[in-house]
Amino acid sequence: MQSLLAKDKQYVWHPFTPQKSTLEMLPVKRAKGCVIELEDGRKIIDAISSWWVNTHGHSNEYIADALSKQARTLEHVIFAGFTHEPAITLSERLINILPSKQAKVFFSDNGSTSTEVAMKMALQYFWNKQEKNRKKIVAIDGSYHGDTFGAMSAGDRNAFSAPFAPYLFDVSFIPFPGGDQANTAIEAFEALAKTGEVAAFIYEPLVQGSAGMRMYTPETLNTLIKIAHKYGVLCIADEVMTGFGRTGKYFSSLHMEEQPDIMCLSKGLTGGTMALGLTTCTQEVYEAYLVDDIMKTFFHGHSFTGNPLACAVANASLDLLLSEECQSNLRRIEERHAAFAEKAKGFKNACNIRQRGTILALDFDTQEESSYFNQKRDFLYETCISKGVLLRPLGNVIYVLPPYVITDEELEQVYGVIEHLFNL
Ligand SMILES: *Cc1c(COP(=O)(O)O)cnc(C)c1O
């Protein structure tokens, strides 16, 4: 194991990891359900679904069977000029459960590419329609849409994107529409939408993940979408994190009456097993591309577009998501979270206790700004790991976002560790 770690140090560059960090990488031997087993035999409960991707547990047998079967049938084929059953089935099934206006599915590789595609699709929609004034993208303060250039442009301008600031395109940001800022944000948005220059509004519906699981109400988002539509602005719901049951419904957008024009999906799409991104759109958006002029084609694609393995796994994951068992797990986690949230009100230094579906978050009441760089973070992270639970605080924000198969006993262990943190 020592040599494994030494080789890791020598050859591997890990994501979002300061290269002089003293945190040791933990070599993982296997993972099953919610439990990650390390090479040294330690077991750790994955309470954050391995960066918000896992839904039905690690090494899920049903998903593994689907993957293995597909791998022996068709592993990959070019997706221009050719098509295949796993992608067609997945598209049809998703259209049937997505908000009612969604009509077409475009494939890519991950969350960042799904948002890149969404913004390009929206911008070219107006270009194709010769509406030359509509070039602006509006996003929300604190948003995260991925790490590629377009996605970074629509994301919060922070320390992470600072080295690239000169290369990011211009995006207008409205205040985060939570708490008493809702009206200010709505007014700021209407002022922008009114100009007729806005092509698209991109948002994480109801829960901003990376910003620290910040939540806002369906009423506020419904109003924002309504305003967008009143002024002809396309709405892009980035459901990369919120999709596939996280917020209690299949999609967070289903909490609202007003529906998006374009949607971004990834993470839980494959149950967290494989990389796959999707961008879906309405018939109306699609029709701007349904024209004789080939120069109005959407010229975008990736080598692994529509990968059959990823599609087969996504179909298997969908079977599980739609099952009675999974739906009752979602309700169970929601209830457990709610009970713990009630209890957490009594913790010293705990504030902003909030929940949406299977996502529970609370903040350490520090005098400092809540940010990723908050001093406490490494200490909290390591304390949790030493107690057998993977929680990855966002600054002073502690959150639980578990695979849906987490047992009540495992949840209790996770809550126990959080209680311990707030009693330190
Ligand atoms: C994680 C995330 C992304 C980026 O997805 P990747 O697969 O990591 O590129 C985009 N949007 C949201 C809301 C996310 O949470």
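Just so you know, ligand 1 is whichever comes first in the structure, and atom 1 is the first atom listed for that ligand. In this chain, numbering begins with 1 at the start of the sequence shown.
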Exercise. If you count the atoms of ligand 1 from 1 in the order shown, which ones are under 4.0 Å from a heavy atom of M241?
Worked result: 15 (O)

For this session: For residues H300 and H302, establish whether the separation of their ring centroids is below 6.0 Å.
Result: yes

For this session: Salt-bridge test for R93 and D319: reply yes if a basic N is under 4.0 Å from a carboxylate O, no otherwise.
Result: yes

Seminar exercise, completed: So the atoms of ligand 1 within less than 4.0 Å of a heavy atom of S112 turn out to be 4 (C), 5 (O), 6 (P), 9 (O)

Exercise. So, are E190 and K230 salt-bridged, with charged N and O less than 4.0 Å apart?
Worked result: yes

Exercise. Which ligand 1 atoms, with their elements, are less than 4.0 angstrom from a heavy-atom of D238?
Worked result: 10 (C), 11 (N), 12 (C), 13 (C)

Exercise. Which ligand 1 atoms, with their elements, are less than 4.0 angstrom from a heavy-atom of G111?
Worked result: 4 (C), 5 (O), 6 (P), 7 (O), 9 (O)

For this session: Could you tell me which atoms of ligand 1, counted from 1 in the order shown, lie closer than 4.0 angstrom to a heavy atom of G146?
Result: 4 (C), 10 (C)

Problem set entry | Minimal non-hydrogen separation, L4 against E39, with atom names | CD2-OE2, 4.0 Å

For this session: For this output row, return yes or no: ring centroids of F149 and F169 closer than 6.0 angstrom.
Result: no

Exercise. For ligand 1, which atoms have a heavy atom of W52 less than 4.0 angstrom away?
Worked result: 15 (O)

Exercise. At under 4.0 Å between heavy atoms, which part of E204 makes contact with ligand 1: side chain, backbone, both or neither?
Worked result: side chain

Seminar exercise, completed: Any heavy atom of W51 under 4.0 Å from ligand 1? The part involved is neither

Problem set entry | Y62 versus H56, side-chain donor and acceptor atoms under 3.5 Å | no

Exercise. Is atom 8 (O) of ligand 1 less than 4.0 angstrom from at least one protein heavy atom?
Worked result: no

Exercise. Among all protein non-hydrogen atoms, which one is nearest to atom 15 (O) of ligand 1, and what is the separation to 0.1 Å?
Worked result: K267 NZ, 2.7 Å

Exercise. Between Y203 and F201, does the ring centroid distance fall short of 6.0 Å?
Worked result: yes

